[in-house]
Amino acid sequence: MRIVALVSGSGTTLQALLDAAGSGRIEAEIVAVGADKPCEGLDRAEAAGARTFVVEPGDHPDRPAWNRALQAAVTAHRPDLVLLAGFMRILDAEFVAAFAPALVNTHPALLPSFPGAHGVRDALEHGVKITGATVHRVVPEVDAGQILAQVAVPVLDDDDETSLHERIKAAERELYVETVAELVAAGAPRPER
Ligand code: GAR
């Protein structure tokens, strides 16, 4: 099974997936990793021997054109499963339709609470005592797709956004790896291409 992952940042979630694919815990190959900008996640992908590509919004006239270019770049690697691993841009309905239901994301909050780009900050500001991470299928509405797995993480009294996010990410990496391993073992539904 061929996996393409998309990242925007440090790529620690991606690293967990790369390690799990390398060890055989995830019985699939991460053939390529794409990003919306140069980032550490791409360096991690290259170090693991995956192909990389960057499709930057600024290089395209508008968002639909960027989405189409990203879709073409992902499609070129013939994925059976597309994983968002800290990819921080919203994908349009056309992109989602190209890969769903084999398009999966992980989000640093217990959905349906705190969707969007600031799930950790929003949970902290709301004063929740328990938050966590959610692995879910991607639909055009932001963070609204079928929930595949969740893990709860305590919020400590002296947490700031960084400390809380790091605690979430430690649990989230394990959750994502386990969930993807199960999806692959079950034969993840292929993109309708
Ligand atoms: C993860 O917590 C992931 O859930 C989050 O970005 C982090 C990536 O960290 N994604 C989102 O918030 C998507 N809306 P990483 O770059 O160290 O893997």
Side-chain angles (χ1 to χ4, degrees), residues 3-14 16-17 20 26 34-36 41 57 63-64 66-67 70-71 74 79 81-186 188-192:
I3 293 176
V4 172
L6 295 178
V7 296
S8 295
S10 66
T12 65
T13 313
L14 171 71
L17 295 168
I26 293 174
D36 55 327
R63 287 194 64 84
W66 171 75
N67 262 273
L70 184 65
Q71 183 181 326
V74 172
L81 181 62
V82 179
L83 300 176
L84 308 185
F87 188 69
M88 297 307 291
R89 290 188 186 270
I90 294 170
L91 299 163
D92 71 11
E94 200 180 314
F95 184 101
V96 173
F99 302 108
L103 176 60
V104 174
N105 181 41
T106 182
H107 178 75
L110 292 175
L111 294 173
S113 294
F114 312 119
H118 304 291
V120 179
R121 186 196 307 170
D122 293 346
L124 201 55
E125 286 178 356
H126 212 86
V128 298
K129 302 304 175 197
I130 295 172
T131 183
T134 303
V135 177
H136 63 98
R137 293 195 195 277
V138 177
V139 294
E141 299 75 31
V142 174
D143 296 330
Q146 179 196 9
I147 291 172
L148 298 174
Q150 291 187 304
V151 62
V153 173
V155 181
L156 305 185
D157 288 344
D158 59 352
D159 264 335
D160 58 19
E161 187 178 350
T162 302
S163 65
L164 179 56
H165 200 175
E166 285 306 314
R167 189 176 314 109
I168 291 169
K169 289 206 305 186
E172 183 180 25
R173 288 191 280 268
E174 176 57 25
L175 182 77
Y176 207 16
V177 165
E178 186 57 28
T179 307
V180 171
E182 286 172 8
L183 279 176
V184 169
R190 286 169 188 252
E192 291 154 359

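Scope of the values below: all heavy atoms of this structure, side chains included, with no hydrogens, waters or symmetry mates. Since we're looking at a predicted model, the values are computed, not measured. Counting begins at 1 with the first residue of the sequence.
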Under the 3.5 angstrom rule, does the side chain of [X] hit a backbone N or O of [Y] as a donor-acceptor pair?
X: H107; Y: P112; answer: no
X: R167; Y: P154; answer: yes
X: T179; Y: L175; answer: yes
X: T106; Y: V135; answer: no
X: Q150; Y: L111; answer: yes
X: R137; Y: Q146; answer: no
X: T13; Y: G86; answer: no
X: N67; Y: D92; answer: yes

Item to complete: Show your reasoning for whether side-chain hydrogen bond (donor to acceptor under 3.5 Å, both in side chains) applies to R89 and S8.
Response: CA-CA 8 Å; R89 290 188 186 270; S8 295; 6.0 Å; no
Check: [Y] and [X] side chains under 4.5 Å, non-hydrogen atoms:
X: I3; Y: L17; result: no
X: L110; Y: I130; result: yes
X: V120; Y: T131; result: no
X: F99; Y: V4; result: no
X: H136; Y: P115; result: no
X: L83; Y: L14; result: no

At their closest point, which heavy atom of [X] faces which heavy atom of [Y], and how far apart are they?
X: V7; Y: D36; value: O-OD1, 3.6 Å
X: S163; Y: D160; value: N-OD1, 2.8 Å
X: V104; Y: Y176; value: O-OH, 3.1 Å
X: I168; Y: P108; value: CD1-O, 3.8 Å
X: W66; Y: I90; value: CZ3-O, 3.9 Å

Fill in: Nearest-0.5 Å distance, CD of residue E166 to OG1 of residue T162
7.5 Å
Item to complete: Could you grab the distance from atom NE2 of H165 to atom NE2 of H118, nearest 0.5 Å is fine?
Response: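 Between H165 NE2 and H118 NE2, I get 12.0 Å after rounding to 0.5 Å.
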Worksheet entry | Test side chain to side chain contact (heavy atoms under 4.5 Å, CB included) applied to N105 and V139, V138, L91, the passing residue | V138
